[in-house]
A.B. asks: 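Please find one structure pasted underneath; my questions will follow.
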There are 2 protein chains.
Amino acid sequence: MKERDHPATLVDVARAAGVSPSTVSRIMNGTARVADAKRQAVLAAIERMHFAPNQMARSLKKGCTMTVGIVVQDISSPFFDETLRGVDDALLGTGYTSVVVSGHWNADEEADRIRLLLARKVDGIILLTGRMSDDTVLQFARERPIVATGRQLRSPGAVGFKVDNEHGAFIATRHLIDAGHRRIAFITGPAASSDANERLAGYRRALRSAGIDADHELIVEGDFHEHSGQRAIEHLLAHGIAFSAVFAANDLSAYGARLALYRHGVRVPEDVSLVGFDDLPGSMYTAPPLTTVRQPLYDLGRAATKALLSLLGRARPDDVVPPVELVVRETTRCVN
Amino acid sequence: MKERDHPATLVDVARAAGVSPSTVSRIMNGTARVADAKRQAVLAAIERMHFAPNQMARSLKKGCTMTVGIVVQDISSPFFDETLRGVDDALLGTGYTSVVVSGHWNADEEADRIRLLLARKVDGIILLTGRMSDDTVLQFARERPIVATGRQLRSPGAVGFKVDNEHGAFIATRHLIDAGHRRIAFITGPAASSDANERLAGYRRALRSAGIDADHELIVEGDFHEHSGQRAIEHLLAHGIAFSAVFAANDLSAYGARLALYRHGVRVPEDVSLVGFDDLPGSMYTAPPLTTVRQPLYDLGRAATKALLSLLGRARPDDVVPPVELVVRETTRCVN
DNA sequence: CTGTTAGCGCTTTCAG
DNA sequence: CTGAAAGCGCTAACAG
């Protein structure tokens with residue numbers, strides 16, 4: 001009871017069942033037909049000894065680990081978690097296990113983590129919204145297949161999935177315009193994020209196409225986190241910049257904006273309309289529920305995984321990622 | 001460019017540098033002093049060939065994989081994610097990597113996942129809030145060290161961390177009572193969850209100690225998810241059961257309760273006070289910010305990890321988990 | 001200080 | 001159908 005159990009090895013089983021190691025291996029893998037008597041004996045021994053093959057050894061031999069590496073940027077962000085759920089579900093029953101590491105929004109750390117995964121001999125990599133250059137990704141892809149989200153990529157060994165941010169932002173802004181809003185504030189994402197910039201572009205295009213001059217005062221900097229949304233609203237209010245609607249570059253900053261509005265007694269949607277981007281799981285339960293641009297995070301994770309599996313020769317990349325769509329809930333309202 | 005790069009092996013490096021494999025190994029691991037000339041040659045070769053040792057092979061040889069397995073129940077729940085963040089941070093720089101799997105709140109699946117981890121030869125396991133019996137945990141602990149949260153456990157090879165749910169619920173309820181509330185509804189968690197039941201017990205004790213009769217109509221069933229909180233409030237309202245405060249067994253169900261209240265025009269905190277349990281990262285940004293019992297999720301993850309590392313002989317379990325505490329924000333209010 | 005020699009536990013020819 | 005034997009890539013005695 002004191003010392004650790006020493007797990008049985010395949011050789012132990014073979015000995016116990018009175019057969020050769022190869023026979024046990026063959027039974028474990030269904031590699032070849034085996035006489036029924038021996039098969040029974042081996043199965044019994046496996047059962048009795050609680051034998052589980054050492055994956056480490058098997059991997060070393062076969063050259064593949066049945067493991068995929070997932071690189072996220074923040075291990076506790078609903079954005080990544082929802083995508084991870086898609087990944088996880090797609091992996092279920094395939095025999096693959098995932099190991100997830102975080103790049104913490106830092107290109108160097110990201111590369112380090114990928115090197116770590118490579119040293120651990122993952123069979124493939126899924127990179128979620130990385131900061132590193134496409135070239136670097138392609139470089140890594142020479143060693144192992146990579147599928148990345150948030151970028152366009154198409155080369156043997158690397159595929160990318162990208163959501164139409166510009167369009168999403170366009171329809172969100174247009175929704176606000178259609179509702180009669182003219183002074184629509186925009187809370188940006190980090191300047192370095194292409195997702196964020198594309199959303200800004202969509203916002204601008206919608207304004208332009210409606211013949212509304214973009215007032216640069218209405219564009220306030222944010223960083224995709226709650227607090228920045230809150231600060232953005234404080235800024236607008238403090239400077240007396242009028243607005244009847246706010247479009248936040250992501251849901252998290254919309255949450256922050258909502259709080260700041262609440263604190264200042266500005267009602268949503270009665271006084272100000274609010275739209276987010278992402279449609280995080282929680283956005284359905286804010287009070288009031290948030291109108292937002294739905295990004296198919298779960299499906300994205302799923303599709304990325306399927307694509308990787310297909311790169312690994314295990315499946316077809318059947319899944320099509322649904323497009324972004326506006327989901328109108330209760331934070332927007334007509335003015336007239 | 002077409003075919004995959006075949007990573008260099010230690011033997012390749014040795015050959016290129018004109019030394020024996022052992023020498024390369026010694027340099028990689030700092031296992032012994034090596035003549036400077038050879039060291040330089042080897043280092044150069046490593047650099048040039050982009051050599052990274054195959055962790056798989058190393059693990060097979062050394063019998064340890066420098067990997068720990070983490071079992072969660074829901075891969076995209078803020079509750080687990082916050083804990084995971086603590087785990088991740090504690091692992092940083094230790095050389096250990098984590099692989100996280102989900103038991104999906106199901107004892108059998110949980111056991112399966114643990115067996116998977118064991119087959120992959122993780123060095124240790126962290127089990128977050130499992131459903132399986134303590135005995136089963138102890139059984140697995142015979143093979144590899146396990147640290148579990150949400151249960152008391154103390155045996156060589158297994159340690160548990162448990163938060164004082166009863167006390168947390170007690171102080172939350174007492175806070176409401178002190179604010180003058182008498183009809184305090186309680187939204188339970190799943191009947192099978194000991195965390196949930198302990199919270200119910202704390203609620204009851206607070207009522208009792210204040211001389212308030214517990215009205216069983218005020219105790220409504222929930223399941224820790226948003227929707228159940230919403231339904232609980234609908235139920236109360238539909239049946240005309242009066243209450244001036246709600247204590248939800250966790251933050252998620254408090255969010256749902258908040259939404260239902262909003263939908264029915266019941267103001268929080270003006271008409272009804274609301275308290276949650278957990279203090280998820282988002283609870284600070286709800287409108288209004290949620291009063292809740294803070295559970296030190298991050299620290300719990302950290303402490304569990306430290307404890308595991310110490311079981312692995314790598315560190316002392318220095319961290320003490322801070323106790324639960326009430327954080328009063330803006331969803332509660334005095335009645336009088 | 002450094003090379004040689006055995007394996008870690010499993011899979012896979014290659015004979016039989 | 002089945003066993004013997006040869007490694008996968010690395011580390012750890014054991015001799016020099």
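Remember, it's a predicted structure, so these values are computed and weren't measured experimentally. Chain letters run A, B, ... following the sequence lines, proteins first, then strands; residues in each count from 1.
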A.B. asks: Starting at the 5' end of DNA chain C, which residue's closest nucleotide do you reach first, A/Arg58 or B/Ala32?
C.D. replies: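 Its nucleotide being nearer the 5' end, the pick is B/Ala32.
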A.B. asks: To the nearest 10°, give me the bend of the helix from C/dC1-D/dG16 to C/dG16-D/dC1, comparing the axes of its five terminal pairs at either end.
C.D. replies: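 Answer rounded to 10°: the end axes differ by 40°.
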A.B. asks: Does any residue of residues 59-67 of chain A have a heavy atom under 4.0 Å from DNA chain C, and if so, which ones, in number order?
C.D. replies: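 Hits under 4.0 Å, by residue number: A/Lys61, A/Lys62.
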A.B. asks: Give the minimum heavy-atom separation between B/Leu60 and A/Met56, together with the two atoms involved.
C.D. replies: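 Scanning both residues completely, I find the closest heavy atoms to be N-CG, 4.1 Å.
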A.B. asks: Would you compute the distance between atom CZ of B/Arg85 and atom OH of B/Tyr298 and round it to the nearest 0.5 angstrom?
C.D. replies: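 One finds 5.5 Å between CZ of B/Arg85 and OH of B/Tyr298.
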A.B. asks: Between C1' on C/dG9 and CG on A/Asn54, what's the gap in Å once rounded to a whole number?
C.D. replies: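 So the two atoms are 6 Å apart, to the nearest Å.
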A.B. asks: How many Å lie between CG on A/Asp12 and C1' on C/dC8, as a whole number?
C.D. replies: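 Computing the A/Asp12:CG to C/dC8:C1' distance gives 13 Å.
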A.B. asks: Select base, sugar-phosphate, or nothing to describe what A/Ser25 touches, counting heavy atoms under 4.0 Å on all strands.
C.D. replies: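 Base contact.
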A.B. asks: Let me know the distance between CD of A/Gln55 and C1' of C/dT11, rounded to the nearest Å.
C.D. replies: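 After rounding, the reported distance stands at 13 Å.
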A.B. asks: What's the spacing between B/Arg39 CZ and B/Arg26 CZ if we round to 0.5 Å?
C.D. replies: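 Reported value, rounded in 0.5 Å steps: 11.5 Å.
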A.B. asks: Between the side chain of B/Thr149 and the main-chain N/O of B/Thr129, is any donor-acceptor distance below 3.5 Å?
C.D. replies: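 Yes: the side chain of B/Thr149 pairs with the backbone of B/Thr129.
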A.B. asks: Looking at B/Leu118, B/Val68, B/Leu308, which hits side chain to side chain contact (heavy atoms under 4.5 Å, CB included) with B/Ile125?
C.D. replies: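 Of the listed options, the one satisfying the test is B/Leu118.
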A.B. asks: So, taking the atom named OG in B/Ser20 and the one named NZ in B/Lys38, what distance separates them when rounded to the nearest 0.5 Å?
C.D. replies: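 If I round to the nearest 0.5 Å, the distance is 7.5 Å.
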A.B. asks: What is the 5' to 3' range of DNA chain D, first to last nucleotide, that sits under 4.0 Å from any heavy atom of chain A?
C.D. replies: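 So the contact region on DNA chain D extends D/dC1 to D/dG9.
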A.B. asks: How far does CG of B/Asp88 sit from OG1 of B/Thr305, to the nearest 0.5 angstrom?
C.D. replies: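 B/Asp88 atom CG to B/Thr305 atom OG1 measures 8.5 Å (nearest 0.5 Å).
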A.B. asks: Mind listing the N/O atom pairs, protein and nucleotides 3-5 of chain C, below 3.5 Å?
C.D. replies:
residue	atom	partner	partner atom	Å
C/dG3	OP1	B/Lys38	NZ	3.0
C/dG3	OP2	B/Ser20	N	2.9
C/dG3	OP2	B/Ser20	OG	3.0
C/dG3	OP2	B/Thr23	OG1	2.7
C/dG3	N7	B/Arg26	NH2	2.7
C/dG3	O6	B/Arg26	NH1	3.3
C/dT4	O4	B/Ser22	OG	2.8

A.B. asks: Can you name the closest pair of heavy atoms from B/Ile70 and B/Ser98 and give their distance?
C.D. replies: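 Distance-wise, the nearest heavy atoms are CG1-CB, 3.9 Å.
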A.B. asks: Rounded to whole angstrom units, what separation is found between the CD1 atom of A/Ile27 and the P atom of C/dC10?
C.D. replies: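 So the two atoms are 14 Å apart, to the nearest Å.
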A.B. asks: Which residue is it: A/Val159, A/Leu153, A/Val137, A/Leu128? I am looking for the one with a side chain to side chain contact (heavy atoms under 4.5 Å, CB included) to A/Val147.
C.D. replies: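 Checked A/Val159, A/Leu153, A/Val137, A/Leu128 against A/Val147; only one passes side chain to side chain contact (heavy atoms under 4.5 Å, CB included): A/Val159.
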A.B. asks: With rounding to the nearest 0.5 Å, note down the distance linking OG1 in A/Thr94 to CG in A/Leu312.
C.D. replies: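 Reported to 0.5 Å precision, the distance equals 9.5 Å.
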A.B. asks: Show me the pairs that pass ring-ring contact (aromatic ring centres under 6.0 Å, His included) and involve residues 34-85 of chain B, at least two apart or across chains.
C.D. replies: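 Residue pairs passing ring-ring contact (aromatic ring centres under 6.0 Å, His included), neighbours aside: B/Phe80-B/Trp105.
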A.B. asks: According to side-chain hydrogen bond (donor to acceptor under 3.5 Å, both in side chains), does anything in residues 151-160 of chain A pair up with another residue at least two apart or in another chain? List the pairs.
C.D. replies: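 Every side-chain hydrogen bond (donor to acceptor under 3.5 Å, both in side chains) pair that includes a residue of residues 151-160 of chain A, provided the two are not neighbours, is A/Asp134-A/Arg151.
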A.B. asks: Less than 3.5 Å apart, any donor N or O on the side chain of A/Asn106 or A/Arg113 sitting next to an acceptor on the other?
C.D. replies: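 Looking only at side-chain atoms, A/Arg113 and A/Asn106 do not form any donor-acceptor pair under 3.5 Å.
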A.B. asks: For the pair made of CG in A/Asn29 and C1' in C/dC10, what is the distance, rounded to whole Å?
C.D. replies: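 Value for this atom pair: 9 Å.
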